Amino acid sequence: MTTENPSDRDSATPIILDGWPVAEIPSGDGVYSNGSRDGANGWPGGGGAGAGAGSGGPGWGGASRLLDGLNPQQREAVEYRGPALLIVAGAGSGKTSVLTRRVASLIESREAWPSQILAITFTNKAAAEMRERVGALLGQGADGMWISTFHSACVRILRKEAENFGFTQSFTIYDSADSRVLLKRIIKELEADTFGFTPANASARISKLKNELADVESFARMVNTSDPQEAMFLAIFRAYTRALTVANAFDFDDLIGQTVYLFRAFPHVAAKYQRRFRHVLVDEYQDTNHAQYSLIRELTRAVPTDMVNELEAAGDHVRNLRDDEGKIPGASLTVVGDSDQSIYAFRGADIRNITEFERDFPGAKVVLLEQNYRSTQNILSAANAVIANNFDRKDKKLWSAGGDGDKIIGFTGYSGHDEAQFVADEIEKLHAAGMAYSEIAVFYRTNAQTRALEEIFIRSALPYRIMGGTKFYERAEIKDAMAYLAAVANPLDTLAMRRILNTPKRGIGPATETQLASFAEANDISFREALRDAASLGLGPKVTRAITGLSELLDEASALVAEGKVSDVITLLITKSGLVETLRSSRDPQDEARAENVEELIAVTKDFERNNPDGNLVDFLTEVSLVAAADDLDDSSGTVSLMTLHTAKGLEYDAVFLTGVEEDLLPHRMSAGEPGGPSEERRLFYVGITRARKKLHISLAMTRAQYGETSVAMPSRYLQEIPAELIEWRQSPGMANSRGGTQSRALNAQKSRWGDDSAPGLQGSFNGKALTEKKDWPNRVTNQVRDNGDLELQSGDRIRHTDFGEGRVQQVTGIGAKRIAHVAFDSAGAKKLLIKIAPIEKI
DNA sequence: TCTCATGCGGTTTTT
DNA sequence: CCGCATGAGA
């Protein structure tokens, strides 16, 4: 990930402990230990108002700077000192600002060294932003802090400590796709598919167990093995766990779970980190799962006296950290979160971690941030009204001093394309009125919804980018190239080895692969060594040559690793393996782009080298494994951003389009069965609403295409939870329906939901007839992509568009394939069209 | 062993 | 609709 700055990494890669500034604290210099200021050794018990702002005012110069422009609650959140602090931060309440200033104030007041601070965020993007903002406040003073995600913090610890429990520090990290490949093989071997197991559901179940910190052994103890299906699952879980261990690999969930295990099994290891981190801060606490919660608990545990003595005997400076009893008190914990924005329960996030924080950490202080600095009051009122429908939540109301602002704009399209056209048109209007594209975002529930949006956007020549779509690193050819690297870095990584075995095709088929695997098994050697011994397997000469050739290439590459540059290693691998060459000479036209992608990877490694001069191959692999969808958000690109509601969390835009607000989509059909499903979906809607600063658009469609079929869609139940006076419907569900023609209401339409007291114009529900009348829709958009070749247009030309009818070209801009016609249509108004693919003809 | 054709199933969100 | 698995033929 891009979040680790070089100096940060430096201290981690070699020996972590020795590099820590804390070891260099001159003894007797009590200023930097907790002991010097009020309430360190024995925290002022229980939620005391004393510790922060009031008592003994700050004696350092920069403090007021850090408090500038903060409201009283925010100030308190920055200044409070105590063992535990919960900041309940509503959407847009300035929590990042509070968090960064809190960190800065700890440093500036010399209450802590940077190295004593651990700040954990959920995404690399958030970590990067936080690091940047802390850096802006402190400059070099921020160096040495750990500001990272749960996962990268754990990787760092695990790499350092792996040898303690049977792994080597060059372990591979399996992402969810890797896990599924592995499970696929296991399920096939065990013939577990007959019990209904699939890689997806097995992986989900294992992940759930690991999030609860269960391992195979504990699971085996509680499972009912007389149930054959359960017995089978246990077998899968066993095989999976064993495969990971043998491959010297961790999956995503292991990164957290194994770190907790490490701390619990090896108290002296835990003590190092407990001693080091005196201030632990956790962002998005409502999204932590049990494993993450446990990790935090372990990290903030006190170090018992005898363990401190041990540390001291080993040469650590611990005296300043001891309390009266000689132990090192637990680190101070600050968590920030908002239970209304908890949207990851499906992934094991436990909302109780935040709702029961005060019970977990007795004496914890709670600060509430309710003033919103982001959105207009209308948007906030809608958000408040929606979220109020979730029961069992603490009442909390966002408010703004910024005025009501514009009404929310509602629109109902006849189809997903129609809806997309509305979005595109509105964006053009906003842009024409001076709003930058980069300040506009379009949200949707599922990735599948991007298709219609993309089609229309391309045609309308709207610059857009999809955040977290098919990611670069998920492409097969990139995974192939990465597998070569993984195989070199971790020779035990059988999964990677098998992946590259016949990629590119070198005549090593499944039969040979199985032979190699059983040869390895029988002789108790690794797959890698089996490759080396291929000659003794008695295979055909051609196959044997292919195998030894690959084996030698890997050897050559590992020799190169020692000399350094990752880019040289990857270059060697992808050229000598023939990976690029094969793609280049393929007659599949898509392979050309794939070859370019693989070569792009070289550029990526060079970037990495520039940013991490001391980074090695393992560091590079780690970085790549942990990059996530939300991380490559680059706001400077000047494009409209498209993303799922989940990706949207934590971001904000001037104008937001919330699309597909329909039953079965939001709330999603799949959520209906889950216990907290509908509430979580509502929170997702709430998150979407609260991303908007000034303009919020909510749209839906009457029919939606899915899996190639169109089906009738119903307005989302959440729509009617927004007070009618806050929405201005450009085209309400009722209006959209009536325009379609006859008003025969379907018998099963839910009339009561759309009673007169909700939005006006909503009474008419969708009817089944819409489908058959589809061809008459005025805004209908065909979904075939066409190519107009070198169609020449100039201003003054008349054209005909399949959807918009006839119009006159006003202007032509752009060059080549990106030529854009600005057209004034006779009835549809002004549009911009990408000439190459727009469904138009000259008349 | 590789390539092509056909049929089937699946589908939420992601560190 | 799309990707993937499966099976036949080269």
Side-chain angles (χ1 to χ4, degrees), chain A residues 1 3 120-127 148-155 173-177 179-181 184 188 193 198-201 203-204 207 210-211 250-257 283-284 287-289 291-292 342-349 443-449 451-452 467-471 474 476 501-502 504-513 539-540 542-543 546 582 586-588 625-631 643-649 660 664-674 677 680-681 683-685 687-688 704-710 783:
Chain A
M1 66 260 108
T3 62
I120 299 182
T121 62
F122 232 70
T123 64
N124 295 302
K125 164 88 163 44
S148 68
T149 62
F150 271 105
H151 295 268
S152 36
C154 286
V155 169
I173 300 165
Y174 283 178
D175 65 20
S176 4
S179 297
R180 247 173 286 139
V181 171
K184 194 168 157 189
K188 197 166 186 179
D193 50 336
T198 63
N201 65 30
S203 149
S207 175
K210 288 188 176 181
N211 286 335
F250 292 111
D251 68 17
F252 263 143
D253 301 311
D254 283 338
L255 296 178
I256 316 288
D283 196 9
E284 308 280 16
D287 285 330
T288 50
N289 60 34
Q292 289 161 335
S342 158
I343 54 174
Y344 285 108
F346 74 94
R347 203 169 75 188
F443 302 155
Y444 37 82
R445 177 65 233 269
T446 68
N447 283 115
Q449 289 167 253
R451 209 159 276 159
M467 325 295 333
T470 311
K471 285 165 272 173
E474 280 174 10
L501 191 61
N502 199 30
K505 305 260 184 280
R506 42 172 83 88
I508 311 174
T512 313
E513 183 181 334
L539 296 159
K542 219 173 130 193
V543 178
T582 314
S586 156
R587 48 191 190 81
D588 182 341
S625 313
L626 297 179
V627 284
D631 292 334
M643 68 192 83
T644 65
L645 283 164
H646 283 86
T647 314
K649 194 177 67 161
D664 288 349
L665 212 47
L666 187 70
H668 196 274
R669 189 187 298 109
M670 292 289 130
S671 72
E674 311 283 307
E680 176 145 320
E681 297 286 307
R683 290 194 290 269
L684 205 44
F685 188 45
V687 165
R704 175 116 3 222
Q706 49 178 5
Y707 323 139
E709 293 205 322
T710 43
N783 61 356

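Not measured: the values here are computed from a predicted model. These numbers come from the heavy atoms of this one structure, side chains and all, not from hydrogens, waters or symmetry mates. Chain letters run A, B, ... following the sequence lines, proteins first, then strands; residues in each count from 1.
For A:Arg347, whose side chain is taken as the heavy atoms from C-beta onward, the closest listed nucleotide among C:dC1, B:dT13, B:dT15 is B:dT15. Comparing B:dT13, B:dT15, B:dT1 by their nearest atom to the side chain of A:His151 picks out B:dT15. The side chain of A:Phe346 approaches B:dT13 more closely than any other nucleotide in the set C:dT6, B:dT13, B:dC2. The side chain of A:Lys505 lies closest to B:dT3 when the candidates are B:dT3, B:dT15, B:dT12.
Rounded to an integer number of Å, the gap from CE of A:Met467 to P of B:dT14 is 12 Å. The distance from atom NE2 of A:His668 to atom P of B:dT14 is 12 Å, rounded to the nearest whole Å. In this structure, CG of A:Asp193 is placed 13 Å from P of B:dG9, rounded to the nearest angstrom. The distance between atom OH of A:Tyr444 and atom P of B:dT13, rounded to the nearest whole Å, is 10 Å. In this structure, A:Lys649 atom NZ and B:dT15 atom C1' are separated by 11 Å, rounded to whole Å.
Counting non-hydrogen atoms under 4.0 angstrom, A:Ala511 reaches the backbone sugars and phosphates but no base. Nucleic acid contact class of A:Asn502 (heavy atoms, under 4.0 Å, all strands): sugar-phosphate only. Here A:Tyr344 lies in heavy-atom contact (under 4.0 Å) with sugar-phosphate atoms only.
A centroid separation of 6.0 Å or more is found between the aromatic rings of A:Phe346 and A:His668.
Classified by interplanar angle (parallel below 30°, tilted 30° to 60°, perpendicular above 60°), the ring pair A:Phe122/A:Tyr344 is parallel.
Annotation: C:dC4 and B:dT13 have their P atoms spaced 16 Å apart (nearest Å).
Taking side-chain N and O atoms only, A:Thr644 has a distance below 4.0 Å to OP1 or OP2 of B:dT14. Applying the 4.0 Å criterion to OP1 and OP2 of B:dT13, one finds that A:Asn447 has a side-chain N or O inside that range.
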Could I get a table of every N or O pair under 3.5 Å where one atom is in the protein and the other is in nucleotides 7-10 of chain C?
none

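Checking side-chain atoms of A:Glu680 against main-chain N and O of A:Gly677 turns up no donor-acceptor pair under 3.5 Å.
Residues meeting the side-chain hydrogen bond (donor to acceptor under 3.5 Å, both in side chains) test with A:Thr644, sequence neighbours left out: A:Thr647.
Under 4.0 Å is where a charged nitrogen must lie from a carboxylate oxygen, and between A:Lys210 and A:Asp251 at least one such pair does.
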